[in-house]
Amino acid sequence: MVMDPVTQSLTELHRRVSALRGGEVAAYIPKLAQADPEDFGIALTSMAGRTYQVGKSETRFTIQSVSKPFVYALALTDLGPDEVLKRVGAEPSGEAFNAISLEPGTGRPANPMVNAGAIATTALVRAGSPAERSRRILDWLSAFAGRRLDHDEEVYASESASGDRNRALAYLMRSAGSLEDDPHEVTDTYFRQCAVRVTAADLSIMAATLAKGGLNPVTGQRVVAKDVAVRTLAVMATCGMYNGAGQWLLNVGLPAKSGVAGGLIAASPGRFGVALYSPPLDAEGNSVRGVAALTEMSERFALHLMHVPVHLTSTVTETVTAARSSRARSAAETEALEQDDRRIVVIGAQGELEFTETEQFLTEVMSVLPTAPGGLVLDLTAVTGISPGPATMLAAAVANLEQRGLLVAVAVQQPFLDRAECRPGAWTTTRDAAVAWCEDRLLERGAPR
Ligand code: GLU
């Protein structure tokens, strides 16, 4: 069987990093100490929803702290960012995962990635009872994974029996006024959340869902709103790797989250989600092989967020200097439309219109303008997204061209038609309708009938 190039590259990475020794399997939750230190799996899910796997990528382990960003996303969805920020900060603490990281005065935990903040975040998940809260969290994590997940009851029981430090953190928060719920109940829900069973393959899909702006690339389901996905990734980038977070952003430059069972995820926005599983942990509590593999991957594929982005496709697809619609026209009309000052220029664009793409596209538009009162059709039917800023730039350009006496029609996908920015010019959903609209107006302007 011929191996695809992605699996091949992951296989080589796996082989190189497997040789790495060192680190300790977490033992403070007794059941976790039974993990096999040799287990090592890598999985990567692309934006097209393809999952590539190597090694122990189907081995089940408990999600532990990798659950934290996802539950944070749930709290953000339930309460909105302002309300959540009042209860849980978003500043890297630079401290260990189980530190007593509470803001002096308010008792607000530093961020949702350290235990105190994660416990407070779990308490924000809307529910009428602890059982309902656990169920909602499990449903939520399952939607990210694209399959029904379950709990590892033994790990849950083991953490519950040994989880006094986390209970102490919860009691401390309640005494400081930053936790309203019963500390015992909240930590129990938190232990259940940490005991959700996943594989590296599951985690890669979960990370890919964040990387795709909240859209699960495998199931096609929108799991979380775009702005929530962005906030979640931002907190992962600054606080995801505990006291190793600064160094991580320096070396790897990707939003990531690790867990004490040996799981580690990273999201490369717009590219893929990746997950690693290898139980031995470094002094910061991050998987030794996971960190090594991601560091290497980031270097080899230039994934660091601060790299200048590469524009993979050109925005302008084509320019047609004398376009005609499919409408039947009389001989006289045809003759009228063939006159040079009734020329209709079509210029097409594709992909996402961010600042750079829009600036390029509009520069191109200015270089192909017909003479007034000719028509100009901006065919944006292959455009998949327009941010508000670029949409305003586009509308301003259309208004400006109209002032110059040109007829301007814009063809876009249906959802864009409803947007407030779509005012000047004529907006339709097909290129043909846009060209026909220009033809009709040109004929009205004194052409023979
Ligand atoms: N359940 C673990 C704890 O609270 C999660 C910690 C982690 O994965 O880093 O201690």
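Each ligand, and each atom within it, is numbered from 1 in the order the structure gives. Quick note: residue numbers are just sequence positions, from 1.
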Considering the heavy atoms of [X], write down every atom of ligand 1 situated less than 4.0 Å from one of them.
| X | result |
| --- | --- |
| Gly259 | 8 (O) |
| Glu159 | 1 (N), 2 (C), 3 (C), 4 (O), 10 (O) |
| Cys194 | 1 (N) |
| Asn166 | 3 (C), 4 (O), 10 (O) |

* Checking Ser160 side chain against Tyr156 main chain: does a donor-acceptor pair fall under 3.5 Å? ->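 Between the backbone of Tyr156 and the side chain of Ser160 there is no qualifying donor-acceptor contact (under 3.5 Å).
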
Could you say whether the N/O atoms of [X] and ligand 1 ever approach to under 3.5 Å?
| X | value |
| --- | --- |
| Lys68 | no |
| Val260 | yes |
| Tyr28 | yes |

* Heavy-atom nearest neighbour in the protein, as seen from atom 9 (O) of ligand 1, with distance rounded to 0.1 Å ->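 Result for atom 9 (O) of ligand 1: Tyr242 OH, 2.5 Å.
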
* Asked: Who's closest to atom 6 (C) of ligand 1 heavy-atom-wise, of Ser65, Gly262, Ser258, Gly263?
  ->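 Considering heavy atoms of Ser65, Gly262, Ser258, Gly263, the nearest to atom 6 (C) of ligand 1 sits in Ser65.
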
* Could you pull out all residues at least two apart from Phe191 that satisfy ring-ring contact (aromatic ring centres under 6.0 Å, His included)? =>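 Here no residue qualifies.
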
* Gap separating the CG atom of Leu13 from the OG atom of Ser18, nearest 0.5 angstrom ->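 Spacing of CG (Leu13) from OG (Ser18) equals 9.0 Å.
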
* **Salt-bridge criterion met for Arg126 and Asp78 (N-O under 4.0 Å)** =>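 The answer is no: the pair does not qualify as a salt bridge.
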
* Salt-bridge test for Glu38 and Arg289: reply yes if a basic N is under 4.0 Å from a carboxylate O, no otherwise. =>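 Salt bridge: yes.
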
* Asked: For ligand 1, is Tyr190 a contact, meaning one of its heavy atoms is under 4.0 Å away?
  ->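 True for this residue.
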
* Grab the two heavy atoms, one from Val224 and one from Ala229, that are nearest each other, plus how far apart they are. =>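 Closest approach of Val224 to Ala229: CG1-CB, 4.3 Å.
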
* **Closest approach of Asn216 to Ala143 (non-hydrogen atoms, all atoms of both residues)** =>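 Of all heavy-atom pairs spanning Asn216 and Ala143, the closest is ND2-O, 3.1 Å.
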
